[in-house]
Novice: 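The structure is given below, and queries will be raised subsequently.
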Amino acid sequence: METLFIIGFMGAGKTTVGRELGQRLSMNVVDTDEMIEKACKKSISSIFKEEGEAAFRQYEQRVLQTLAWPSTIVTTGGGIIITEANRKFMKNNGIVIFLHSDPQVVLERTAEDTTRPLLNEDRERQVTLLLNQRLPLYLEADYTVNTSFKSVDTIVDEITGFLTRDSRFWVK
Ligand code: S3P
């Protein structure tokens with residue numbers, strides 16, 4: 001089976017959906033942010049604070065390049081698609097699934113969150129700005145699922161539905 005890359009904005013449900021999808025399809029699940037934190041031995045917030053976003057993006061790219069594993073779901077940080085090489089890598093090495101959420105839903109889901117450095121100030125403006133900037137890049141994915149107001153089960157049903165019709169998914 002191909003690698004599945006789950007992309008989408010912060011708060012779109014990538015981690016939750018990725019885990020559930022992994023259970024349903026008996027696939028391993030790895031998360032780029034978790035791998036970066038393990039490798040750097042510090043939190044994403046600390047990396048942003050101490051080394052800056054550019055350094056984080058380099059770690060992100062380096063980690064992604066190691067993850068074209070068969071039968072694996074890779075859940076990614078929301079900004080992974082900013083880097084063109086990352087978009088190419090995912091396209092060339094697997095099936096890319098974009099989880100889309102309405103800005104209002106993103107704001108609600110991230111309301112109490114202090115772990116996302118890019119949403120620390122003026123959240124509403126940041127979400128609108130970043131989502132607008134990134135949307136065309138997310139839409140380069142193979143499949144898009146809107147996750148706003150849907151249960152995890154429904155989202156996973158939708159994803160398994162189109163995967164079973166995708167011949168790449170069945171290639172060993
Ligand atoms: C980021 C999203 C975060 C994390 C970092 C940057 C972004 O991941 O990678 O804070 O640029 O959108 P989540 O999408 O899992 O929150």
Novice: Got a sec, which pairs hit ring pair (Phe, Tyr, Trp, His ring centres under 6.0 Å) with one end in residues 92-129, sequence neighbours left out?
Specialist: F98-H100, F98-Y138

Novice: How many angstroms lie between atom OG1 of T3 and atom CZ of R168, to the nearest 0.5 angstrom?
Specialist: 11.5 Å

Novice: Do any pairs count as a salt bridge (charged side-chain N to carboxylate O under 4.0 Å, His left out) and have a residue in residues 77-86, sequence neighbours left out, and if so which ones?
Specialist: E84-K88

Novice: With no hydrogens and no angle check, is any side-chain donor or acceptor of S148 less than 3.5 Å from a backbone partner on N146?
Specialist: no

Novice: Residues sharing V105's hydrophobic cluster, by side-chain heavy-atom contacts under 4.5 Å among ILVMFWY, directly or via others?
Specialist: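 Noted: V105 shares its cluster with F149.
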
Novice: For residues 59-73, which residue pairs pass the salt bridge (charged side-chain N to carboxylate O under 4.0 Å, His left out) check, not counting sequence neighbours?
Specialist: R57-E60

Novice: Provide the full list of salt bridge (charged side-chain N to carboxylate O under 4.0 Å, His left out) pairs with a residue in residues 97-114, sequence neighbours left out, each pair given once.
Specialist: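 Pairs touching residues 97-114 that pass the test: D113-R116.
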
Novice: Applying side-chain contact (heavy atoms from CB on, under 4.5 Å), can you list everything that pairs with K49, at least two apart in sequence or on another chain?
Specialist: none

Novice: Answer whether the closest heavy-atom distance between the side chains of F48 and N120 falls below 4.5 Å.
Specialist: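 SC-SC contact between F48 and N120 ruled out.
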
Novice: Hey, what do you get for CZ (F169) to OG1 (T164), rounding to the nearest 0.5 Å?
Specialist: 8.5 Å

Novice: Does any N or O in the side chain of K14 come within less than 3.5 Å of the main-chain N or O of I6, such that one atom is a donor and the other an acceptor?
Specialist: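 Side chain of K14 to backbone of I6, a donor-acceptor pair under 3.5 Å: no, none is there.
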
Novice: Tell me every residue that passes salt bridge (charged side-chain N to carboxylate O under 4.0 Å, His left out) with R87, counting only those two or more places apart in sequence or in another chain.
Specialist: E140

Novice: Is the side chain of N86 donor-acceptor paired with the backbone N or O of I81 at a distance under 3.5 Å, no angle test?
Specialist: no

Novice: Sequence neighbours left out, what pairs pass ring pair (Phe, Tyr, Trp, His ring centres under 6.0 Å) with at least one residue falling in residues 110-134?
Specialist: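 Qualifying pairs: none.
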
Novice: Compare all side-chain heavy atoms of L4 with those of L21 and state whether any distance is below 4.5 angstrom.
Specialist: yes

Novice: Output yes when a side-chain donor or acceptor of E2 lies under 3.5 Å from a complementary backbone atom of S71, and no otherwise.
Specialist: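 No, E2 side chain to S71 backbone: no donor-acceptor pair under 3.5 Å.
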
Novice: Check whether the side chains of T147 and S101 place a donor and an acceptor atom closer than 3.5 Å, and report yes or no.
Specialist: yes

Novice: Run the salt bridge (charged side-chain N to carboxylate O under 4.0 Å, His left out) test against D31 and tell me which residues pass, sequence neighbours left out.
Specialist: none

Novice: Do T32 and I80 have side chains that get closer than 4.5 Å, going by heavy atoms?
Specialist: yes

Novice: Would you be so kind as to tabulate the donor-acceptor pairs closer than 3.5 Å made by side chains of residues 153-163, with sequence neighbours excluded?
Specialist:
residue	atom	partner	partner atom	Å
T154	OG1	S151	OG	2.8
D157	OD1	R24	NH1	2.9
D157	OD1	R24	NH2	3.0
E158	OE2	K150	NZ	3.0
T160	OG1	V156	O	3.0
T160	OG1	D157	O	3.0

Novice: Could you list all the ring pair (Phe, Tyr, Trp, His ring centres under 6.0 Å) pairs where at least one residue sits in residues 5-38, not counting sequence neighbours?
Specialist: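 Non-adjacent pairs meeting ring pair (Phe, Tyr, Trp, His ring centres under 6.0 Å): zero.
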
Novice: With a 3.5 Å cut-off and sequence neighbours excluded, list the donor-acceptor pairs that the side chains of residues 127-134 form with protein atoms.
Specialist:
residue	atom	partner	partner atom	Å
T128	OG1	E124	O	2.7
N132	ND2	T128	O	3.3
R134	NH1	G78	O	3.3

